[in-house]
Structure formats: structure tokens, C-alpha cells
Amino acid sequence: MKLKDELKGVVPQDLLSLVPSGFDIIGSRSGAVAIVEIPSELEDYKYEIAKAIIKSSRNVKAVLRRIGPRSGEFRLYSYERLIGDTTEVIHIESGVRLMLDPTKVFFSPRDQYDRIDLASRVNDNEVIAYLFAGIAPYAFIILKHKPTVRLIYAVEINPEAIKYIEVNVRLNKARGKVVPIEYDASAFCRKMRDRFHRVIMTLPLGAHQYLRDAIGCVTNGGTVNFYHTGPEEDPFKDAEEAIMRHCANVNVECRIINRRIVREYAPRVYKVRVDFEVNKGK
Ligand SMILES: C[S@@+](CC[C@H](N)C(=O)[O-])C[C@H]1O[C@@H](n2cnc3c(N)ncnc32)[C@H](O)[C@@H]1O
């Protein structure tokens with residue numbers, strides 16, 4: 001049953017249209033967290049809304065209300081906890097088990113199709129630098145689809161995310177394939193020049209500042225998966241201009257090999273992925 005229907009007679013008729021039509025669920029049958037946006041007009045009914053969510057989805061053990069946009073270098077939302085004690089869950093995606101607490105680490109279940117698409121492009125024996133890894137969902141999905149990948153370094157600065165990567169390496173039997181590195185992405189790339197067949201840059205609001213370093217650490221002929229945002233009218237333009245500018249600055253030839261709209265990021269703004277090949281002419 002829809003939340004609006006569930007809340008008829010609880011929320012006054014003139015406010016019913018403001019009841020959220022959906023919410024994100026992170027977790028699995030063993031336990032999940034629901035994340036919901038509740039407008040301020042419904043402040044007095046927030047606990048009723050949380051109870052209705054729990055009633056509609058039996059696996060939901062906690063309800064978090066999202067307050068404001070993602071912020072800080074760890075890219076976290078602020079939440080108000082409406083119901084539930086624990087927010088640590090095991091999320092299952094494409095058969096991969098991901099333990100996480102959304103109040104401590106970045107995770108978006110909405111990127112699942114992008115992960116599958118990217119994983120389908122990975123070749124045998126690739127050594128990958130996965131920058132801005134969070135709890136490393138792309139690494140585990142890649143490994144699931146392409147077990148012949150050689151090694152994925154998951155580079156991340158949030159120590160809580162690093163702890164979850166370690167747990168998820170155990171849960172997904174990924175020892176020796178996915179290696180967590182608690183390090184700044186830029187410093188990591190500068191130490192590892194010309195080393196990676198692929199560099200994945202999952203930081204849509206800041207990855208462009210690291211393009212020079214990413215180009216430096218990819219092998220000749222290697223691929224960079226670059227994330228950015230762009231307006232509905234021309235979603236890839238800014239991303240491609242940033243790529244071409246940085247490639248020209250370091251005197252390498254770059255060829256765009258794939259463009260993808262990942263999902264809506266904000267009204268009339270998309271999160272995009274542009275894949276490009278780097279030719280260093282060596
Ligand atoms: C948008 S999240 C993406 C996380 C993950 N790849 C995913 O898709 O769920 C970006 C992550 O980059 C991390 N981060 C931000 N700046 C960083 C830096 N300079 N070096 C390494 N990690 C960084 C943040 O802590 C955050 O976990």
C-alpha cells in the first residue's frame with residue numbers, strides 16, 4: 001500500500017499530497033534502513049510516517065530522515081533518526097554483499113546499473129585504481145562479473161569506509177583481489193605513475209581536480225572512467241572539455257570511447273560518466 005493511503009486519517013487531508021511517494025532502502029531481507037525526505041510542513045507527523053514505512057516494508061528496522069544535501073569531504077548526508085537503534089546493514093546488489101552504515105559512509109543504491117555497465121567493460125587481468133572508493137561497491141561488482149581481473153586498489157580517505165571495505169573483502173572472498181588503501185587519491189596517483197590499466201574516478205563534484213593525477217597513473221593505452229555532472233541541455237559538454245583540457249596540458253592524446261548518463265543528480269542536472277583512452281605516445 002502507498003504511504004499516502006496508509007496515512008489517510010492520520011495526516012490531515014490538506015497535507016496528504018506532501019507525504020513522500022517513495023524512499024530509498026539500503027539493506028536486505030535480514031534488515032534494512034529506509035531513507036526518506038519529509039518536508040517541514042509534516043514535522044508533526046514524522047514519526048507516524050516512519051511507522052507507516054516500517055509497516056509497509058517488514059525488513060526495515062530503522063528510518064532516517066534526510067536533512068540537506070551531501071556535504072564534507074566524505075560526501076555524507078545529515079540524518080535525523082526517526083526509528084530504530086542500529087543503522088548498520090548488509091546490502092545485497094547483483095549477488096554482492098556490502099556491509100555499511102549510511103550515517104558513516106557514502107553509498108547510493110541508485111548507481112547499481114552504472115556499476116553493472118562499468119563492470120561489463122573491464123578486461124581480463126586488468127590492474128585498476130579505484131579512486132574515491134567509499135565502501136568499494138564498484139570493485140566487488142567488477143570482481144563478480146569479471147573474476148579474472150588481476151587487482152583493484154580501492155583508494156579512500158574515510159577511515160570508516162576503509163573498515164567496511166575490509167569487512168566486505170571477507171564477505172565476498174575478495175582477498176588478494178580488492179585492496180583497501182587509506183590514502184588521498186592525488187598522492188596515491190603521484191606515487192604510482194603509469195601503473196594502471198584503468199582508473200575509476202567516482203567523485204562527480206570534484207573528480208576534475210584529479211584528472212591530471214589520474215592521467216599520470218594510467219598506462220599507455222589505459223582507460224579512465226571519469227564522473228562529472230552536467231545540465232540536461234548538454235550533459236557531457238563540461239566533462240569532455242575538462243578531459244580534453246587536462247590531456248592537452250600534459251601533452252597526451254585522449255580519445256572518448258563511451259558516454260553514459262548515470263542518473264538524475266538534481267532537477268535538470270545529470271550525473272554522467274565519460275570513459276576515455278589515454279595515448280601517451282611512448
Ligand atoms: C561520491 S563518493 C563515492 C563512493 C563509492 N565509489 C560509491 O560509488 O559508493 C566519494 C568518496 O570519495 C572519498 N574521497 C573524497 N576525497 C578523497 C580524496 N582526496 N582521496 C580519496 N578519497 C576521497 C569520500 O570519502 C567518499 O567516500
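Worth knowing before you read on, the calculation uses all heavy atoms, side chains too, and leaves out hydrogens, waters and symmetry mates. In listed order, ligands and their atoms are each counted from 1.
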With a cut-off of 4.0 Å, which atoms of ligand 1 are near a heavy atom of [X]?
X: Leu203; result: 10 (C)
X: Asp184; result: 18 (C), 19 (N), 20 (N)
X: Tyr210; result: 19 (N)
X: Tyr138; result: 8 (O)

Heavy-atom distance to [atom]: which of [options] wins?
atom: atom 7 (C) of ligand 1; options: Gly134, Pro109, Pro137; answer: Pro137
atom: atom 6 (N) of ligand 1; options: Phe107, Phe106, Tyr130; answer: Tyr130
atom: atom 15 (C) of ligand 1; options: Glu156, Gln209, Glu73; answer: Glu73
atom: atom 4 (C) of ligand 1; options: Phe74, Phe188, Phe132; answer: Phe132

Report yes if [X] has an N/O atom closer than 3.5 Å to an N/O atom of ligand 1; otherwise report no.
X: Ala185; value: yes
X: Asp111; value: no
X: Thr202; value: yes

Nearest non-hydrogen partners of Glu37 and Pro39, listed with the distance: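 Nearest pair, atom of Glu37 first, then Pro39: O-CD, 4.0 Å.
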Ile25 and Ala32: which non-hydrogen atoms are nearest, and at how many Å?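 Closest pair (atom of Ile25, atom of Ala32, distance): CG2-CB, 3.7 Å.
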May I ask you to check whether Tyr164 and Asp101 show a side-chain donor-acceptor distance below 3.5 Å?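 Asp101 and Tyr164 do not have a side-chain donor-acceptor pair below 3.5 Å.
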State, without any angle test, whether Asn225 and Arg198 hold a side-chain donor-acceptor pair at a distance under 3.5 Å.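 A donor-acceptor contact under 3.5 Å links the two side chains.
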Aromatic centroids of Tyr227 and Phe132 separated by under 6.0 Å: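 Here the rings of Tyr227 and Phe132 have centres that are no less than 6.0 Å from each other.
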Is Glu156 reaching over with its side chain to a backbone N or O of Asn158, donor-acceptor style, under 3.5 angstrom?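 Checking the backbone N and O of Asn158 against the side chain of Glu156, a donor-acceptor pair under 3.5 Å is found.
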Tell me if a side-chain donor or acceptor on Lys61 pairs with a main-chain N or O of Gly84 at a distance below 3.5 Å.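 No; judged by distance alone, with no hydrogens or angles, the pair does not exist.
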Would you say Tyr183 contacts ligand 1, with heavy atoms under 4.0 Å as the rule?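 The answer is yes: ligand 1 sits under 4.0 Å from a heavy atom of Tyr183.
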For residues 178-189, which residue pairs qualify under side-chain hydrogen bond (donor to acceptor under 3.5 Å, both in side chains), counting only residues two or more places apart or in two chains?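 Residue pairs with at least one partner in residues 178-189: Tyr183-Lys191, Ser186-Arg190, Ser186-Asp213.
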Looking at atom 14 (N) of ligand 1, what's its closest protein heavy atom, distance included?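 For atom 14 (N) of ligand 1, the nearest protein heavy atom comes out as Ile157 CG1, 3.7 Å.
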Of the backbone atoms (N, CA, C, O) and the side-chain heavy atoms from C-beta on, which set of Ala133 has a member under 4.0 Å from an atom of ligand 1: side chain, backbone, both, or neither?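 The answer is the backbone.
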Apply disulfide bond (SG atoms under 2.5 Å apart) to Cys254 and list each qualifying residue two or more places apart in sequence or on a separate chain.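 Only Cys247 meet the disulfide bond (SG atoms under 2.5 Å apart) criterion with Cys254.
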